[in-house]
Amino acid sequence: MKISRFFIPTLREVPGDAVIASHRLMFRAGMLRKLANGLFAYLPLGLRSFRKVEQIVREEMDAIGALEIKPTVVVPGEIWKESGRWESMGEGMLRVKNRLGNDFVVSPTAEEAFTSLMRDELSSYRQLPLSLYQINTKFRDEIRPRYGVMRGREFVMKDAYSFHTGDASLDETYEAMGRAYRRIFKRCGLTVIPVRADSGAMGGSGSEEFMVESVIGDNTLLLCKACDYAANVEKASCKRDYSAPASLEAVKAAAASLPALEKIDTPAVRTIEELCAFLKTGAKQFIKTLIYKAVNVELDLSSAPGCSKLERRRPAPDTPEVYPEAFFAVAIRGDLDVNEVKLAAALKAAEVCLAADADVVRLTGAPVGFAGPVGLTSLPLVADETVTALNDAAQGAVTGALEKDRHYRHVAYGRDFSPWLVTDVRTVVAGDFCPVCGGELYEKKGNELGHIFKLGYKYTKSMKVSYLDENGKSQIPTMGCYGIGIDRVLASVIEEHHDDNGIVWPMTAAPFQVIIVPIKYEGAVKAASDGLAADLEKRGVEVLLDDRNERPGVKFNDADLIGIPYRVVVGDKNLAGDSPKIELKYRRDKENRLVDPRRAAEELAALVFGEIEKLNN
Ligand code: ATP
Ligand code: MG
């Protein structure tokens with residue numbers, strides 16, 4: 001390909017909002033242009049690399065027997081109403097009406113579309129297991145699109161959905177997907193960290209995210225210094241840093257030996273630190289109590305305090321009943337923070353957030369800051385496991401007394417309060433200890449490139465998918481889903497492979513594999529350049545020939561910027577004489593070397609394919 005016939009509008013200037021390398025370089029290298037916030041056009045050079053990543057993903061999906069289909073991007077709103085997500089998806093989902101006033105959705109993801117397809121096509125257990133995928137446009141009206149295609153509004157995702165007769169089959173496909181994902185990232189030259197992830201309110205039983213380390217990462221990861229434990233903070237647990245009570249009897253026995261509950265005046269004391277100073281105790285003896293509002297709670301609250309009159313309804317006909325809104329008090333040891341994703345998972349809620357001040361006052365009867373578990377009857381109390389261990393200290397715990405400027409001390413779990421639910425909602429932080437081996441945990445920031453997820457029956461139940469088993473009995477299939485963002489993978493490849501001068505493509509994702517730079521495209525130099533290009537192309541190497549009438553320095557800078565792995569410089573001085581030479585330089589290296597032009601094509605082809613081979617295996 002001659003550059004003069006191609007379209008690579010390189011830029012010296014960088015768009016003002018481009019704060020990360022991949023965003024800057026995709027613009028500067030003429031790969032990408034912006035139409036509007038979060039909407040990008042890939043130009044020819046960008047699209048070539050995009051297609052390479054897409055093809056790697058496709059090959060690995062095909063290799064594990066997943067089958068590609070091409071469904072539509074615009075889908076009827078009806079199927080989203082059936083699954084109940086028409087309501088729960090919120091404003092990120094783009095809804096449109098057609099001329100007849102019918103609802104449509106521009107797919108943000110495609111569980112509904114694939115489940116609806118299977119509902120029509122599945123009849124017998126013999127058709128299962130089945131994994132289908134697409135590599136297709138998605139639209140999410142992200143609140144803050146940023147970092148170029150890392151978080152766009154329109155992007156391309158490979159999303160696969162698998163259907164099974166039971167857990168063992170789902171596990172098998174889930175594991176195969178996990179292996180395929182690892183291969184995809186390796187082939188793209190990416191270093192990923194697979195982490196345990198939250199499997200959400202829908203009660204999925206397994207979920208793994210594939211992260212790249214990134215300072216702009218939206219995810220906090222906790223990793224063990226001693227073993228390979230790695231988890232998203234949303235899921236991370238840690239080894240107990242307290243001795244857990246053996247039983248409720250043991251707790252009550254410990255409570256009996258504590259001094260009696262005592263209400264004390266704590267005037268002008270606002271923070272936990274001030275309270276600790278005032279009472280000469282530590283934050284670890286304090287029970288912090290926060291009031292949360294939860295949305296679409298699936299957990300049965302019929303026996304929970306204050307919940308008897310709560311509204312209950314089904315978001316859609318065949319979906320489980322939910323409480324559209326419920327409030328909870330959450331008690332946790334004073335030095336710790338509540339993890340809202342863990343809390344939402346424990347409550348089987350779509351979402352949780354801290355209650356508004358007015359709700360706190362209404363529910364606790366006290367100003368904000370004085371909530372506590374003792375005597376709290378207006379709402380269910382969820383206690384983090386740490387709270388159950390506070391009876392061990394001689395003085396018991398300290399907590400708000402549901403009155404302005406008053407606290408309780410000598411509070412005993414099991415004597416002075418009994419939670420409705422005890423669970424793990426603690427936010428794990430660096431310095432906590434690994435739940436697997438006890439090693440110290442540390443933190444990294446990560447960006448999610450892919451996600452695999454055991455969905456279970458959520459969609460197949462609500463959308464009424466069934467098949468007949470060996471005995472002719474109707475059964476519901478179980479499901480998995482598996483996503484990778486193609487754009488985000490591509491941008492991450494650039495993040496991991498660039499230097500001050502531009503992109504340094506791994507061979508598998510490079511838009512071209514060799515760039516030929518004639519010092520002056522005329523005479524013998526032109527003939528040698530054209531000859532080499534033709535020879536390389538015959539061998540299946542992708543070649544860009546810089547035939548522009550530009551100074552060599554400009555051409556070299558552009559070659560570095562667009563990051564083509566091998567650069568060949570053809571000049572008349574080196575060509576002259578008995579042993580003609582051309583200059584060969586690997587983008588990653590500083591040095592170049594001279595090679596015989598007659599052997600150059602063979603040598604380059606071997607280098608190019610050798611490198612692809614290395615990344616692919
Ligand atoms: P995030 O938490 O980053 O918003 P997500 O968990 O919502 O992502 P999934 O629904 O799991 O994303 O989608 C699968 C993959 O699609 C992600 O791992 C990511 O690679 C990609 N993806 C999601 N949202 C975007 C986006 N706005 N722009 C580009 N890629 C995206
Ligand atoms: Mg995800």
Side-chain angles (χ1 to χ4, degrees), residues 20 22-23 26 32 34 36-40 42 46 50 53-54 56-57 61 85 88-94 106-114 133-161 177-178 180-182 184-185 188 190 192-202 204 206-212 214 216-221 231-235 340-341 344-345 350-351 445-455 458-459 480-495:
I20 61 169
S22 59
H23 190 181
M26 287 175 94
L32 197 74
K34 174 166 151 181
N37 208 8
L39 298 177
F40 300 96
Y42 283 86
F50 185 92
V53 172
E54 199 181 76
I56 289 172
V57 173
M61 287 297 103
R85 288 209 294 182
S88 64
M89 281 302 278
E91 297 190 278
M93 183 160 90
L94 184 62
V106 183
S107 297
T109 173
E111 284 78 6
E112 280 78 359
F114 279 67
Y133 76 96
Q134 64 175 330
I135 302 181
N136 215 345
T137 300
K138 302 285 178 294
F139 188 92
R140 294 182 184 180
D141 202 3
E142 299 275 354
I143 302 172
R144 271 207 315 138
R146 58 193 185 280
Y147 309 131
V149 297
M150 278 282 189
R151 185 175 296 284
R153 289 202 157 101
E154 186 180 300
F155 58 97
V156 171
M157 195 203 287
K158 183 287 297 176
D159 43 332
Y161 305 86
M177 284 284 176
Y181 274 45
R182 285 166 172 79
I184 288 168
F185 296 121
C188 292
L190 282 169
V192 296
I193 310 169
V195 300
R196 302 172 193 217
D198 169 51
S199 41
M202 56 197 62
S207 169
E208 192 175 32
E209 287 168 335
F210 295 84
M211 299 280 182
V212 280
S214 162
I216 54 118
D218 297 316
N219 295 275
T220 301
L221 317 179
N232 193 317
V233 67
E234 295 180 344
K235 177 74 179 174
E340 295 186 356
V341 178
E351 220 177 293
K445 286 283 173 206
N447 229 340
E448 180 198 315
L449 300 188
H451 194 171
I452 62 175
F453 199 108
K454 294 184 196 171
L455 275 175
K458 177 180 160 79
Y459 297 94
C481 72
Y482 320 89
I484 284 193
I486 306 293
D487 313 70
R488 200 178 278 181
V489 168
L490 180 63
S492 302
V493 170
I494 299 174
E495 288 295 321

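Along the sequence shown, the residues carry numbers beginning at 1. All ligand and atom numbering here is 1-based and tracks the order in the structure. Side-chain atoms are counted along with the backbone in the values below, which use heavy atoms only and exclude waters and symmetry mates. Being a predicted model, the structure only gives us computed values, none of them experimental.
Within a 6.0 Å sphere centred on CD of E351, other residues, nucleotides and ligands contribute 12 heavy atoms or fewer.
Nearest protein heavy-atom contact of atom 30 (N) of ligand 1 is F155 CD1, 3.5 Å. Here the heavy atom of the protein found nearest to atom 21 (C) of ligand 1 is G485 CA, 3.6 Å. Closest protein heavy atom to atom 20 (O) of ligand 1: L449 O, 2.9 Å.
Side chain to side chain, S207 and K454 fail the donor-acceptor criterion of an N or O pair below 3.5 Å.
The Mg ion (ligand 2) is the vertex of the angle joining ND1 of H451 and OE1 of E448, which measures 110° to the nearest 10°.
When every heavy atom of F139 is checked against every heavy atom of L39, the shortest pair comes out as CE1-CD2, 4.1 Å. The minimum heavy-atom distance between M61 and A160, with the atom names listed, is SD-CB, 4.4 Å.
Atom numbering of ligand 1 starts at 1 in the shown order; those under 4.0 Å from a heavy atom of E142 are 24 (N), 26 (C), 27 (N). Within the listing of ligand 1, atoms 5 (P), 7 (O), 9 (P), 10 (O), 12 (O), 13 (O), 23 (C), 24 (N) sit less than 4.0 angstrom from a heavy atom of R140. When each atom of ligand 1 is checked for a heavy atom of V149 under 4.0 Å away, the hits are 29 (C).
Here the options are R85, E112, E111, the test is side chain to side chain donor-acceptor pair (under 3.5 Å), and the partner is Y459; only R85 passes.
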Tell me, with the steps shown, if Y133 and K158 meet side chain to side chain contact (heavy atoms under 4.5 Å, CB included).
CA-CA 7 Å; Y133 76 96; K158 183 287 297 176; 4.0 Å; yes

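Across the listed options K138, K158, E154, E448, E448 owns the non-hydrogen atom lying nearest to atom 18 (O) of ligand 1.
A heavy-atom separation below 4.0 Å is found between M150 and ligand 1.
Between F40 and H23, the angle of the ring planes goes over 60°, which puts this pair in the perpendicular group of the 30/60° scheme.
Only the side chain of R488 comes within 4.0 Å of ligand 1, counting heavy atoms alone; its backbone N, CA, C and O stay farther away.
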